[in-house]
Structure formats: C-alpha cells, structure tokens
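Just so it is clear, the model here is predicted, and its values are computed rather than measured. All chains are named by letter (A, B, ...) in the order of the sequence lines, taking the proteins before the strands, and each is independently numbered beginning at 1.
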Amino acid sequence: MEKNELYARARRAYELGRAKVASKAVLGAAVLAAAAVALGRSPGQIAVVTVCLVPLAGVLAYRGRAAGRAVLPGLVAGGAAMLLPLGVVAAGDSWLGVDCMRFCLPACVVGGALAGAAIASLAAAEQDGEREFLLAGISLAALAASLGCGLAGSAGLAGMTIGALVAGTPVWLLAHARR
Amino acid sequence: MDRSAREALQRGMTGLADGDRSSFDAVFAALWPLLRRFAERALLDPAAGEDAAQSALVDVFSRAAEFDPDRDAVSWALGIAAHECRTVRKKRARRREDLGAAPESSSGSATPEDAVIDADLQAAAASVLGALRPADAETLLVAARGQREKSSLFRKRLERALSRFRKEWRARHGEE
C-alpha cells in the first residue's frame, strides 16, 4: 500500500472512530427524548425539541475539543433538569393550569439553576476553550431540560433560562476569581 | 524514540482523542516508522511486518477517540501492533497446518503413516535430484511435468538422466 493511501485509510479510520463517539451522544439524547415521552409528554412536542437536540449532540461530539467535552455534562445536567418538572407531574400535579404554575414552574426554575451552576463550574475548570464549553453545554442542557419544562409552556422555558443564568453566572465568576 | 519525540507523540495522541485534527499529521509521521520497525522485528519478515504495521496503524487511528491521556501513547500503540503481529503469526501457523494436512485429505483413505512415507520419499527423490548435474535434473523435471520433446535426442538425454538417477539412488539407498 502506498503511503498516501495508508494516510487516507488512517484518516478515514479516525473519522469513523469520531463518528462512533457521536453515535453514543445521539443515543444519549434520544434516550432522554424517549424518557420524556414515556413520562407522559406529548410525542409531537417532544419531536420538535428532539430534531434540534439529537443532531446538535451528534455534531458537537463528532467535532470534539471543548464542545465535544461539554456534550455529556450538558445532557446529564439537562436530563436532571428535565426530570424535575416531570417528577412533579408524576407525583400528581396537573399538566396545565394553576397547579402547574405552583409546582412545575418552580421545578423548572430549580432544574435550570442546577444545570446552569453545574455547567458553569465545569466550564470554569476548562484549561482551554472555556467559552466553547459553556456555550455548547448550556445549549444542550437547555434543549434537554425543555423536554420536561415545555409542559409549563413558555413560562417554564423562561423560568428554566432565568434559573440557569441566575445560578450559573455567580458560580462561573466565583470559579474565575479563585484561579 | 527519544524522550522529546515520545512526549510530542503523547501530546498528539491526547489532542486526537479530544478531536484535535491538527495533531493527525504529526502522530501519523511519528507512529508509522515506529510500528513498522516493531512489526518487522516481531515477524522477522519485512513484507509481513509492513502489512501488520499498516493494519495496526489504521487500528490505532480508529481507536484514537478512546485513547486515555493518562496512559503512555507509545506503549498503547505498540500494544495494538503486538496484537496485530500475534494475529498474523496465528494465521501463518494455521496456514502451515492446512498445507500439512492437504496430502491426507486429497488421498482420501491415506493414513498419517502413508502421508509421512510419501513425504519421506519425496524428500529423498528431491535430494537425489539435487545431486545430479543441472542438465540431467532439468531433463527429468521436464519429463515429469509431461513437457517432453518428441525428438530422439531428448529421449537419449532422458535415458541417460534416468540411468544416473538410478545409480545415485542405489548409491544412497541401496535399492530402487
């Protein structure tokens, strides 16, 4: 085999290896979506979020570097934030209306805050590509969390975002100050 | 491989594991000669060594995303190459076993003893043939392949070669 041909084969093998990593991220995102449907979310609404979440997780994991490193934390943090409002509903709260506003909305805010703080602290620990990590992690966490928070409508999504910003920003600033 | 080259390879592999494609060329350039030398030494055959090194190199890159930066990159890559060399050796041994078993399977009812006797006779004939003059040996081989010429000259040459073959056989083994 010529050296150029060997180089091309090695390159293809490397890209296939990256694609395998991406397939695991895609599977993780799909499992979150399936869990949301299994916990009672409407498949139609989940499909809208999933068409953004699954390819984004795959592309970021395939690309690698800081954005790739943020995929797993983003999905885990977002998954946890997704489960909070769905857990409240499973415990007996109603899907819509005053009861949901009383329990689901705070659950979304708390979930968003937890996800934001977790991603911010991990991003601050990154040696290089901190902003890339933060952007990728927050995007994935927000999409994953909206699989659950969407049930509280746009108020749930807004609450989750505000929670993430309010909790994540001081954590990030504090971690920077300690460096 | 000196220490700085080893450290550069470690950095390159760590970068590749993280998805940094700019490390690819440097890692390829460092790994290829290393794996080729290793495989050639392990298999004692340059051609087989190069084939094994190529497979090992492709395998290293296909698993680069799984590389753990806490491990030594050189040892990790050589481990993959060693596995590839073991596979080649096993294949070779299996091929040799298959070739050794071929006469038994082709003769159908031949026993292992018959196969050993056949092999001994063939070796003895080859040894006697090797002791003849090259022209006589060539004449006998041409006749054995069924490519004999229909000239009287070739017939006489063949008779002379067969006579010398018998003489040499008797001298070595005492009977025809």
Side-chain angles (χ1 to χ4, degrees), chain A residues 1-29 54-75 119 122-137 139-140, chain B residues 9-40 43 45-71 73 76-81 83-84 88:
Chain A
M1 195 192 303
E2 292 280 319
K3 199 171 175 185
N4 286 346
E5 196 187 334
L6 179 63
Y7 180 93
R9 263 187 70 192
R11 188 73 201 223
R12 264 199 308 276
Y14 175 69
E15 298 300 343
L16 271 174
R18 297 286 334 160
K20 264 188 215 166
V21 173
S23 68
K24 286 177 192 165
V26 163
L27 188 68
V54 169
L56 182 66
V59 167
L60 293 179
Y62 176 75
R63 183 180 175 272
R65 309 198 74 167
R69 290 195 294 275
V71 171
L72 183 64
L75 289 178
I119 297 292
L122 287 171
E126 283 288 310
Q127 297 295 325
D128 61 331
E130 184 186 333
R131 285 181 187 184
E132 194 182 316
F133 185 99
L134 196 64
L135 186 66
S139 306
L140 281 170
Chain B
L9 182 57
Q10 182 74 25
R11 277 196 302 277
M13 275 308 302
T14 304
L16 275 185
D18 195 36
D20 179 10
R21 280 134 176 110
S22 65
S23 308
F24 188 90
D25 287 1
V27 172
F28 182 88
L31 273 183
W32 171 232
L34 179 77
L35 297 186
R36 193 171 54 183
R37 269 200 310 275
F38 175 84
E40 282 175 3
L43 295 172
D45 175 359
E50 188 163 339
D51 285 349
Q54 285 175 355
S55 299
L57 188 78
V58 171
D59 204 17
V60 164
F61 280 108
S62 74
R63 290 158 66 176
E66 301 161 17
F67 173 69
D68 176 4
D70 291 336
R71 291 184 66 179
W76 181 73
L78 290 182
I80 292 173
H83 177 76
E84 190 60 40
V88 170

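Options B/Val60, B/Asp59, B/Asp25 differ in how many heavy-atom pairs under 4.5 Å they form with chain A, and the most are formed by B/Asp25.
Residues of residues 12-22 of chain B lying within less than 4.5 angstrom of chain A, judged on heavy atoms, are B/Leu16, B/Ala17, B/Asp18, B/Gly19, B/Asp20, B/Arg21 in numerical order.
In terms of heavy-atom proximity, B/Ala65 sits nearest to A/Gly17 at CB-O, 4.1 Å.
Put simply, CZ on B/Phe24 and CD on A/Glu15 are 8.0 Å apart, with the number rounded to the nearest 0.5 Å. Note that CZ of A/Arg9 and OG of B/Ser55 are 6.0 Å apart. Values are rounded to the nearest 0.5 Å.
Between B/Phe61 and A/Tyr7, a ring centre-to-centre spacing not shorter than 6.0 Å is recorded.
Heavy-atom distances place both the backbone and the side chain of A/Arg11 under 4.5 Å from chain B. Both the backbone and the side chain of A/Arg65 come within contact range of chain B, each with at least one heavy atom under 4.5 Å from a heavy atom of that chain.
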